[in-house]
**Q** 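One structure, pasted below without further comment.
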2 protein chains.
Amino acid sequence: MSIKKLAEHLNLSKSTVSRALNGYTDVSAETRAKVMQGAKDINYRANATAKRLASGKSRHIGIILPSNDDMFISPAFSKVLASASSLLAKHDYLLIVTTIAPFQNELKVYQDFMNGGLVDGLFVVRTRKDDERIQMLNQRKFPYICHGYLPGFTSEMYVDVDNEQAFYEMTIKQILAGHQQIAFLDGPSELALSQSRLEGYKRAMNEHNLSINPQWIQNGRLSEEDAANMAKEVLSLAKRPTAILCADDIMAVGAIAASEALGFNAGSDLAIAGYGDYSVGRYSKPPITSMRYDTEKVGEEMAKLMLNKLESTAFEVQNWYKASIVERQSDQVTTA
Amino acid sequence: MSIKKLAEHLNLSKSTVSRALNGYTDVSAETRAKVMQGAKDINYRANATAKRLASGKSRHIGIILPSNDDMFISPAFSKVLASASSLLAKHDYLLIVTTIAPFQNELKVYQDFMNGGLVDGLFVVRTRKDDERIQMLNQRKFPYICHGYLPGFTSEMYVDVDNEQAFYEMTIKQILAGHQQIAFLDGPSELALSQSRLEGYKRAMNEHNLSINPQWIQNGRLSEEDAANMAKEVLSLAKRPTAILCADDIMAVGAIAASEALGFNAGSDLAIAGYGDYSVGRYSKPPITSMRYDTEKVGEEMAKLMLNKLESTAFEVQNWYKASIVERQSDQVTTA
DNA sequence: TTGTAAGCGTTATCAG
DNA sequence: CTGATAACGCTTACAA
C-alpha cells in the first residue's frame with residue numbers, strides 16, 4: 001500500500017511515482033523533485049519483495065558454503081568473500097551467504113535460493129568432479145560463477161588458483177632439499193582442487209623418478225584433527241616419509257602436533273609444509289612454510305565475472321592465479 | 001503463473017492447490033495426493049518471493065556482520081554462527097548473512113534487509129552503547145536478538161558472555177602471579193564488550209590497590225597489527241608493564257610479535273594473555289594463555305531466542321555464559 | 001471440501 | 001510527460 005499511499009499523498013499516479021523514484025528519464029524534473037521530497041516526508045521505503053516479484057531482479061548474489069566442520073566459513077575463504085562482497089556492494093549488489101548443516105540437503109538449499117529470485121546469481125565454491133550443483137544450475141539456466149575450474153568451463157565462468165602447479169612447485173622444493181620419501185595429506189578426494197594438487201605432487205615425483213608409496217597419499221578434511229590422524233598413519237609406516245606436504249596450513253598444524261607427539265621434530269628432522277598462508281601458520285611453532293595467493297584479487301574477479309554475466313559490464317578478468325611459496329621454518333630440515 | 005499452471009493441469013483451483021501444498025487440513029486426502037503427484041510431475045517449485053509478498057513471512061533470519069577488517073567473519077564468531085545456523089535449519093529457517101564494507105552505510109544495509117520481508121528477524125552482534133541499530137529496530141518494531149547485553153535488555157532478547165567477570169579473573173590471575181603493572185589492550189572502545197572487559201580489569205586492579213597508569217590501557221581493532229602497535233607503545237613506557245592482557249588471541253599474537261621485536265621474551269620475561277581460545281593461540285609460540293566459552297551453546301541460544309520470538313516455541317535459554325581460563329605458556333613468567 | 005476473488009507492493013505496457 | 005491497467009505468483013477470506 002505504500003507507493004500507492006505516496007502517490008495519493010502527492011496526487012500523482014503510482015506509475016509516475018515509481019518512475020520518478022527509479023530514475024527514469026521521462027519524468028519532469030519538477031515532478032521528480034516533488035516525489036523525492038514526498039518520499040522523504042512520509043519516510044517511504046520500497047518493498048524489496050514486491051519489487052523483486054514485479055521486476056524479477058533482486059540485486060542479491062548468493063553463496064552457499066559447504067558446512068565446514070564447525071566453522072561457518074574458513075578464514076582463508078573469509079578474505080575472498082570479503083573482497084567479493086565489497087566489489088559487489090560498489091555496484092549496488094548485496095552478497096548474501098548461508099551455510100548448510102551436515103544434515104541438510106545441499107541441492108535443496110540451492111533451490112531455495114534460486115526459487116523466486118532471492119538471488120540473481122550464485123557463486124559456487126569447492127567444485128567437484130561431476131558436480132550436481134553445476135548440472136542443476138545449467139539445467140535451470142541460472143547464472144553462476146565458480147571458484148574452482150572444471151573441464152569444459154569457459155573463461156567467463158570461473159576463477160581458480162593453479163593448484164596443480166602450486167603443489168608441483170612445493171614438491172620440487174622438497175625434492176631439491178634432498179627428500180625422496182614425501183607424503184601428501186590431501187583434502188577431500190572429491191574436490192577438484194584436491195585432485196589438482198595430487199596431480200602436481202605426482203608430476204614432480206615422476207619427473208624426478210621418485211616412486212610413490214600409495215600409503216603416502218591420504219585424503220581427509222581440512223582440519224587439524226584429520227591431518228593429525230593421517231600424519232600419525234604416515235609416520236608409522238615402515239618406509240617413513242621425511243617430508244609431509246599438507247593441503248593447507250590448518251592441516252600442517254595438525255601434522256606438526258602429531259609428529260611431535262611421536263617424537264619427531266618438525267622443522268629439523270621432519271619437513272612439513274602447508275598451503276594458504278593462514279595466520280595460524282605464521283605464528284605456529286615452528287612457523288609453517290606455506291603458499292600464498294592473492295585472496296583479495298580472487299574475490300574481486302569472482303565479483304567481476306558475476307557482474308559481467310548480469311550487467312552490461314565487461315571487466316577484464318584473470319582466470320588463473322598463481323600461488324607462490326612462503327619460506328618459513330617448518331620444512332627446514334637440518335639433518336639430511 | 002506456476003501454481004496456476006499446476007491448478008489447470010490438475011483441473012483444480014489455485015487455492016485448493018495452494019492449500020494442499022501447504023499442508024492445510026481442509027483438503028481431501030485424495031486431492032492432496034493428486035496435487036503432490038502433479039507437482040512432482042510438472043516439477044513445480046513455489047516462487048519464494050511471491051509467497052513472501054503474499055504471506056509476509058520468509059523463514060529467513062539475517063545477520064549483518066561489521067566489516068571485520070579484511071575478513072568476512074572472525075573465526076571465533078564463525079563457530080557461533082555455524083551452530084545458530086544449524087539449529088535454525090532444524091526449524092526450517094535459513095540464516096543468511098552479509099557483511100558491510102567500510103564504505104557502506106550500516107543502517108542502510110539493515111534497512112535493505114528489513115524492507116519487504118527479506119528476513120523475519122535479525123541478529124545484532126557487537127552491540128554498542130546507544131546503538132543506533134537497536135534504536136531503529138525498536139522504532140520499526142522489527143524482531144531482533146542481540147549478542148551482547150545492553151542496559152535495559154530483557155532476558156528474551158540477548159545472550160552474552162560475562163566479559164567483565166572474565167577479564168576480572170584474568171587480571172587477578174596476573175596479580176596473583178606477582179604482576180603489579182598490567183597493561184590492557186582492549187578492543188574498539190565503542191563496543192559494549194570492550195567496556196565490560198575494561199571494567200573487569202579495573203575492578204581487579206582496584207581490589208588489589210594497584211594503581212593504573214592510563215597509558216596502560218589502549219583501544220584498537222581486534223587485529224594483529226593494531227595490537228602490535230599498541231604493545232610497542234606500552235612497552236616503551238618508562239614504567240613498563242610486566243604483563244599485557246589482550247582482548248583476544250589475535251591481539252595476543254600481535255603483542256607477542258611486537259614484544260619479541262623489542263627483545264622481550266613473551267612467556268618468560270613478559271606475561272601475555274588473550275581471550276577466545278582461537279586455534280591460532282593454541283599453536284603460536286609460545287602458546288597463548290586464553291579464555292574460552294561455549295561458542296556452540298551461545299549460537300544455539302541465539303537461535304532459540306529468535307524462535308521463541310517468532311514462533312510459538314518456548315525454549316529455556318541461558319543468557320549469560322562464563323568464560324574460563326585456559327592455561328598455556330604465554331603468561332608463565334619465570335623471573336618475577 | 002472446493003472455488004472465487006481480492007489482495008500483497010511493485011513494475012511495465014500502452015494510451016493519452 | 002502522465003495515468004490506467006494488467007501483470008508478477010502466491011495466500012487467504014469468504015462463498016458455495
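Protein chains get the first letters and strands the later ones, always in sequence-line order, with residue 1 at the start of each.
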**Q** How many Å lie between NZ on A:Lys4 and P on C:dT10, as a whole number?
**A**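 After rounding, the gap between these two atoms is 12 Å.
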
**Q** How about B:Gln111: does its CD atom have over 12 heavy atoms from other parts shown lying under 6.0 Å from it?
**A**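 Correct, the count exceeds 12.
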
**Q** Roughly, in whole Å, what's the span from CD in B:Glu8 to P in C:dG3?
**A**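 About 13 Å, once rounded to whole Å.
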
**Q** Looking at A:Glu296 and A:Ser83, would you say the former's side chain and the latter's main chain have a donor-acceptor pair under 3.5 Å?
**A**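 Between the backbone of A:Ser83 and the side chain of A:Glu296 there is no qualifying donor-acceptor contact (under 3.5 Å).
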
**Q** Could you give the CG-to-C1' distance, from B:Leu12 to D:dC10, as a whole number of Å?
**A**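 In whole Å, D:dC10 C1' and B:Leu12 CG are 16 Å from each other.
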
**Q** Send over the distance from A:Leu6 CG to D:dG3 C1', rounded to a whole Å.
**A**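 Going from CG in A:Leu6 over to C1' in D:dG3 covers 15 Å.
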
**Q** Who are the side-chain hydrogen bond (donor to acceptor under 3.5 Å, both in side chains) partners of B:Tyr158, not counting sequence neighbours?
**A**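 Residues passing side-chain hydrogen bond (donor to acceptor under 3.5 Å, both in side chains) with B:Tyr158: B:Trp320.
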
**Q** Taking the six-membered ring for Trp, are the ring centroids of A:His9 and A:Tyr44 within less than 6.0 Å of each other?
**A**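 No: the rings miss the under 6.0 Å criterion.
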
**Q** Distances under 3.5 Å only, N/O to N/O: pair up the protein atoms with those of nucleotides 12-16 of chain D.
**A**
unit_1	atom_1	unit_2	atom_2	d
D:dT12	OP2	B:Tyr24	OH	2.8

**Q** For B:Ala50 and B:Ala29, take the nucleotide of DNA chain C holding the closest heavy atom to each; which residue's nucleotide lies nearer the 5' end?
**A**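 Taking each residue's closest nucleotide, the earlier one in sequence belongs to B:Ala29.
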
**Q** Determine which pairs satisfy ring-ring contact (aromatic ring centres under 6.0 Å, His included) with at least one residue from residues 107-144 of chain A, sequence neighbours left out, and list them in order.
**A**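 Every candidate ring-ring contact (aromatic ring centres under 6.0 Å, His included) pair involving residues 107-144 of chain A fails, so no pair, neighbours aside, qualifies.
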
**Q** Ion pair present between A:Arg59 and A:Asp92, side-chain N to carboxylate O less than 4.0 angstrom?
**A**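 Yes, this pair counts.
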
**Q** Between D:dG9, D:dC10, C:dG3, which nucleotide gets closest to the side-chain atoms of B:Leu53?
**A**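 Shortest atom-to-atom distance from the side chain points to D:dG9.
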
**Q** Checking all strands, does A:Arg45 fall into the base, sugar-phosphate, or nothing category for heavy-atom contacts under 4.0 angstrom?
**A**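 Sugar-phosphate contact only - A:Arg45 comes under 4.0 Å of backbone atoms but never of a base.
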
**Q** If we fit an axis to the first five pairs and another to the last five of the helix from C:dT1-D:dA16 to C:dG16-D:dC1, what angle do they make, to the nearest 10°?
**A**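 Taking five pairs per end, the axes differ by 40°.
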
**Q** So A:Asp26, base contact, sugar-phosphate only, or nothing? Heavy-atom distance under 4.0 Å.
**A**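 The answer is base, as A:Asp26 lies within the cut-off (heavy atoms under 4.0 Å) of a base atom.
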
**Q** Return yes if some donor-acceptor pair links the side-chain N/O of B:Thr127 with the main-chain N/O of B:Gly148 below 3.5 Å, else return no.
**A**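 At least one qualifying donor-acceptor pair exists.
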
**Q** Below 4.0 angstrom from OP1 or OP2 of D:dC8, is there any side-chain N or O of B:Asn47?
**A**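 B:Asn47 to D:dC8 OP1/OP2: no side-chain N or O under 4.0 Å.
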
**Q** Please output the side-chain donor-acceptor pairs of residues 30-43 of chain B that fall under 3.5 Å, not counting sequence neighbours, one pair per line with the distance.
**A**
unit_1	atom_1	unit_2	atom_2	d
B:Thr31	OG1	B:Ser28	OG	2.6
B:Arg32	NH1	B:Ala20	O	3.1
B:Arg32	NH2	B:Tyr24	O	2.4
B:Gln37	NE2	B:Asp41	OD1	2.9
B:Asn43	OD1	B:Arg45	NH2	3.4

**Q** To the nearest Å, give me how far apart CD1 (A:Ile3) and P (C:dG9) are.
**A**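 Value for this atom pair: 11 Å.
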
**Q** Provide, to the nearest angstrom, the distance between the CG atom belonging to A:Leu21 and the P atom belonging to D:dC1.
**A**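 Roughly 17 Å, once rounded to whole Å.
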
**Q** As a test of reading the structure: which of C:dT11, D:dT2, D:dC10 is closest to the side chain of A:Thr31, going by heavy atoms?
**A**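 Ranking C:dT11, D:dT2, D:dC10 by closest atom to the A:Thr31 side chain puts D:dT2 first.
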
**Q** How would you list, by chain and number, every residue that makes a side-chain hydrogen bond (donor to acceptor under 3.5 Å, both in side chains) with A:Glu106, sequence neighbours excluded?
**A**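 So A:Glu106 forms a side-chain hydrogen bond (donor to acceptor under 3.5 Å, both in side chains) with A:Arg128.
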
**Q** Applying ring-ring contact (aromatic ring centres under 6.0 Å, His included) to B:His91 and B:Phe315, what does each step give before you reach the verdict?
**A** CA-CA 13 Å; B:His91 291 259; B:Phe315 293 109; 5.6 Å; yes

**Q** Tell me: NZ of A:Lys57 to P of D:dC8, nearest whole Å?
**A**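 The distance from NZ of A:Lys57 to P of D:dC8 comes to 15 Å, rounded to the nearest Å.
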
**Q** Under 4.0 angstrom, heavy atoms only, what part of the nucleic acid is A:Ala48 near: base, sugar-phosphate, or nothing?
**A**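 It contacts nothing in the nucleic acid.
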
**Q** Rounded off to whole Å, could you give me the NZ-to-P distance for the A:Lys51 and C:dT11 pair?
**A**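 So the NZ-P distance, A:Lys51 to C:dT11, works out to 5 Å.
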
